[in-house]
Protein chains: 2
Amino acid sequence: MKYKTKQKELILQFLKENKDKCLTVKEIKTNFDLKQIIIGQTTIYRYLSNLEEQGIISKYINNVDNSSSYQYITDDCHLHFHLKCIKCGKIIHLECLKLNDLEKHIIEKHDFKIDNFKTVIYGLCSKCK
Amino acid sequence: MKYKTKQKELILQFLKENKDKCLTVKEIKTNFDLKQIIIGQTTIYRYLSNLEEQGIISKYINNVDNSSSYQYITDDCHLHFHLKCIKCGKIIHLECLKLNDLEKHIIEKHDFKIDNFKTVIYGLCSKCK
DNA sequence: CTAGTTGCAAAGAGTTTGCATGGCG
DNA sequence: CGCCATGCAAACTCTTTGCAACTAG
């Protein structure tokens, strides 16, 4: 990834504009299709993998259909966990000291380093319960 | 699923014998192939979905290749979370009062009911750190 | 000009569906 | 004997790979 191209610029910009959402490759593709901007899905997959390796975005696995979602990482994301509702798919960014406690506890007592980006806590949100 | 068949019996038995493991469809299929017992993968998929709906087994998503694993649910599984190492794929069953605290806290303060079966905490295990 | 990047098409992998055959009750 | 379950093959979806054309530097 040595060259700067229009496609990469556009994809990154779109991810930044949707920091609060987890986007699938399909959603990203459709966004550009509608604007009549041609970006091959191959390019999207390749660039997203690259961004993930660089630690710029985070990849999530969707428990419903085994597809993947990607999300731009903001600094404050480092401090929180993600809750995802099994029913409606809503993602809740939870900032809570309890979770930092848990993280500390698990690394100290169980010798396991939690990855906040990969980890998604599944369950039912207030509406779907 | 009204009839009792040999295939169902064999699949369930195999899951029970491997309560401590998360099994993929491939692993289940291969197990029977080696024993020269013919069970179509379709049957395995269908029966596993059915068992999951009944709450007898739990389905996990593998972050590496987007495939699924299935595991027989034992009573004590209700009391713990699963940690999964991103590198080596090892699954650790963590029974810890801290987690029960967390569960209680999240439902009381954040109105979110955690699903212990679906939730997998990703990170690095002691060996891979 | 040179080498990295793109986009199409095709290949792969995991999963689901359609349908004729087979087996439970 | 009727209806459900099975297993094969084909369809489907998501993702990756091969390759010729394109383009940034």
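Model, not experiment: these values are computed from the prediction. Each chain gets a letter, A, B and so on, in the order the sequences are listed, and its residues count up from 1.
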Checklist line | d(CD, B:Glu9; C1', C:dC24) in whole Å | finding: 13 Å
Next item on the list: From the options C:dT6, D:dT16, D:dC8, select the nucleotide whose nearest atom is closest to the side chain of A:Gln41.
Entry: D:dT16
Item checked: Between D:dC14 (P) and A:Ile44 (CD1): distance, integer Å -> 13 Å
Checklist line | d(NZ, B:Lys59; C1', C:dT16) in whole Å | finding: 11 Å
Check: With side chains defined as the heavy atoms from C-beta onward, is the minimum distance between A:Ile114 and B:Tyr122 less than 4.5 Å?
Finding: no
Note to self: Rounding to an integer number of Å, can you tell me how far B:Phe32 CZ sits from D:dG7 C1'?
What the structure shows: 15 Å
Next item on the list: Using the rule that two of Ile, Leu, Val, Met, Phe, Trp, Tyr join whenever any of their side-chain heavy atoms come within less than 4.5 Å, decide whether A:Leu15 and A:Tyr45 are in one cluster.
Entry: yes
Notebook entry, point to check: Of all the choices, D:dC3, C:dA3, C:dT17, which nucleotide is nearest to the side chain of B:Tyr3 once you look at every atom?
Noted result: D:dC3
Next item on the list: Could you work out which one of D:dT6, D:dC4, C:dT16 sits closest to the side chain of B:Tyr45?
Entry: C:dT16
Margin query: Distance check needed: C:dC8 C1' versus A:Gln7 CD, whole Å only.
Written below: 14 Å
Next item on the list: Between A:Lys8 and B:Thr42, just flag the one whose closest nucleotide in DNA chain C comes earlier from the 5' side.
Entry: A:Lys8
Margin query: Under a 3.5 Å threshold, yes or no: a donor from one side chain and an acceptor from the other, between B:Gln54 and B:Asn50?
Written below: yes
Note to self: What is the distance, to the nearest angstrom, from the CD1 atom on B:Ile39 to the P atom on D:dA5?
What the structure shows: 15 Å
Notebook entry, point to check: To the nearest Å, how far apart are A:Tyr47 OH and C:dT5 P?
Noted result: 11 Å
Item checked: Short side-chain N/O contact from A:Lys2 to OP1 or OP2 of C:dA3, under 4.0 Å -> no
Check: What nucleotide, of C:dT5, D:dT15, D:dC19, holds the atom closest to the side chain of A:Ser68?
Finding: D:dT15
Next item on the list: Inspect the surroundings of CD1 in A:Ile38 and state if more than 12 heavy atoms from other residues, nucleotides or ligands are less than 6.0 Å away.
Entry: no
Note to self: Measure CD1/A:Ile37 against P/C:dT6 and give the value in whole Å, please.
What the structure shows: 15 Å
Notebook entry, point to check: Is there side-chain contact between A:Leu12 and A:Lys16, with at least one heavy-atom pair below 4.5 Å?
Noted result: yes
Next item on the list: Consider the side chain of B:Ile38, meaning its heavy atoms from C-beta on, and name the nucleotide among C:dC24, D:dC8, C:dT2 that approaches it most closely.
Entry: D:dC8
Next item on the list: Would you tell me if any nitrogen or oxygen in the side chain of A:Thr5 comes within less than 4.0 Å of OP1 or OP2 on C:dT5?
Entry: no
